[in-house]
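Written out below as structure tokens is the structure these notes cover.
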Amino acid sequence: MAENGAFEKRSPKSSDRPSARREGIPCWVDAQLSDVEAGRRFYGELFGWTFREEEEGETEESPYRAAGASVRACLGGEPVAALVRKTDGRMPTVWSVYFHTPDAAALAARIRAGGGQVVTPPRPVGDLGTAALAADPDGAVFGLWQPGRRTGFGRRHEPGTFAWAELYTRDTEAANAFYGDLFHDALFGPDASPDFGRARVSDVFPAEMPPHFLVHFLVEDLDAALTAVARLGGRVRVPPFGTSYGRVAVVSDGQGASFALLRR
């Protein structure tokens, strides 16, 4: 572990495809929203994303989470995220991160054995792949994605795309043990590039904040991005602060989905 709580990492190539990565590499993110059209306006202007409806036969389920209709966000024609319409108003408005796995069922079994919980068991999403939701022993929820026709990010580590996921937890030592065992090769193997780290909830958020993964998107100009968030109806939740992987601010969109902006 790095001193700041991030897993030690080496810089990955932005062209890496999830199918070529080890189990445990973040391969996709999506946002659960009540108003997908409002999400398109917000993120389209903030990050320069374009959107397209899912193909025929794909609209009943998200390709990365089996819940509601979705649109795929693209940058330069390559997929970078999805916006998913909530089917139940009681569902959280949240960004979620998905980890690559070649075998979702086997990984789900290891999650249970390690003290975690499988929230939604692995199930196929057509020929696109297999999705599942899980929670670690501290309650932080994350997704699993076993690729079929869909592999995941087309672009990452570029402005307007996924760059990092930070786990905010109450028990960092337990998190080290759980994820270190679950994703050992991705975190500590040769050429490891985990794209995620961990910190105590109280380092950034109020102590009562539930443990969670915070999705980070790369930006070229953090101040300009924060100005845009406010102009588009979002909020700055945590002003910019320094980390070993860059300068970060926590924001939310107009519907309350929180994410981070990262300037390296």
Side-chain angles (χ1 to χ4, degrees), residues 1-9 24-33 65 81 91-100 111 114-119 133-144 156-157 161-183 186-188 192-219 222 225-226 229 234-253 255-264:
M1 297 292 178
E3 290 183 2
N4 74 319
F7 292 101
E8 293 286 358
K9 61 184 178 68
I25 295 298
C27 67
W28 192 247
V29 292
D30 70 16
Q32 289 278 322
L33 302 174
R65 177 187 298 197
M91 296 172 64
T93 302
V94 65
W95 275 97
S96 298
V97 60
Y98 292 73
F99 292 95
H100 170 77
I111 288 169
Q117 177 186 0
V118 177
V119 179
L133 284 180
D136 67 20
D138 207 19
V141 175
F142 58 97
L144 315 178
R156 63 190 181 111
H157 298 288
T161 71
F162 170 85
W164 187 259
E166 188 77 351
L167 170 64
Y168 285 97
T169 182
R170 292 194 177 92
D171 190 338
T172 55
E173 292 306 313
N176 294 347
F178 178 79
Y179 291 100
D181 181 62
L182 202 64
F183 300 139
L187 296 172
F188 306 116
S193 55
D195 285 352
F196 81 95
R198 58 94 182 101
R200 291 183 300 274
V201 167
S202 57
D203 287 350
V204 174
F205 299 99
E208 62 270 19
M209 173 72 76
H212 64 284
F213 278 94
L214 182 66
V215 173
H216 292 50
F217 294 104
L218 194 65
V219 295
L222 184 56
L226 291 174
V229 165
R235 292 182 58 188
V236 177
R237 300 289 182 176
V238 181
F241 59 95
T243 73
S244 68
Y245 54 89
R247 191 158 178 78
V248 173
V250 182
V251 300
S252 61
D253 63 23
Q255 300 178 65
S258 292
F259 58 98
L261 301 172
L262 170 63
R263 174 69 171 94
R264 284 190 164 138

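Values reported hereafter were calculated over all heavy atoms of this structure, with side chains retained and with hydrogens, waters and symmetry mates removed.
The nearest pair of heavy atoms linking Ala165 to Val97 is CB-CG2, 4.3 Å. The two residues Gly114 and Pro137 have their closest heavy-atom pair at O-CG, 3.9 Å. The two residues Gln32 and Pro92 come nearest to each other via the heavy atoms CB-O, 3.6 Å. Pairing each heavy atom of Phe178 with each of Gly116, the nearest pair is CE1-N, 3.9 Å. Contact between Arg198 and Asn176 at its shortest, heavy atoms only, is NE-OD1, 2.6 Å. Across Ala207 and Val201, no two heavy atoms sit closer than the pair O-CG1, 4.4 Å.
Contact annotation: the side chain of Leu33 approaches that of Asp253 to within less than 4.5 Å [non-hydrogen atoms, C-beta and beyond]. Between Phe162 and Pro26 the shortest side-chain heavy-atom distance falls below 4.5 Å.
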**Request:** Start with the C-alpha gap between Leu167 and Asp136, add the side-chain angles, then the distance that decides, and say whether side chain to side chain contact (heavy atoms under 4.5 Å, CB included) holds.
**Result:** CA-CA 10 Å; Leu167 170 64; Asp136 67 20; 3.9 Å; yes

**Item:** Step-by-step side chain to side chain contact (heavy atoms under 4.5 Å, CB included) determination, Phe217 to Thr161
**Value:** CA-CA 5 Å; Phe217 294 104; Thr161 71; 5.7 Å; no

**Prompt:** Step by step, would you call Phe213 with Thr169 a side chain to side chain contact (heavy atoms under 4.5 Å, CB included)?
**Reply:** CA-CA 9 Å; Phe213 278 94; Thr169 182; over 6 Å; no

**Request:** Carefully, step by step, assess Asp195 and His157 under the rule side chain to side chain contact (heavy atoms under 4.5 Å, CB included).
**Result:** CA-CA 10 Å; Asp195 285 352; His157 298 288; 3.1 Å; yes

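The structure places NE2 of His216 at 11.5 Å from CZ of Phe259, a figure rounded to the nearest 0.5 Å. Distance check, rounded to the nearest 0.5 Å: OG of Ser96 to CH2 of Trp28 gives 13.0 Å. Taken from OG1 in Thr172 to CZ in Arg200, the straight-line distance is 6.0 Å, to the nearest 0.5 Å.
Asp138 contributes no side-chain N or O that, together with a main-chain N or O of Ala140, makes up a donor-acceptor pair within less than 3.5 Å. In this structure, Arg263 contributes its side chain and Gly246 its backbone to no donor-acceptor pair below 3.5 Å.
Checking each of Leu262, Thr243, Leu218, Leu214 against Trp164 for a side chain to side chain contact (heavy atoms under 4.5 Å, CB included) leaves exactly one that passes, namely Leu262.
Aromatic ring centroids of Phe142 and Phe196 lie 6.0 Å or more apart.
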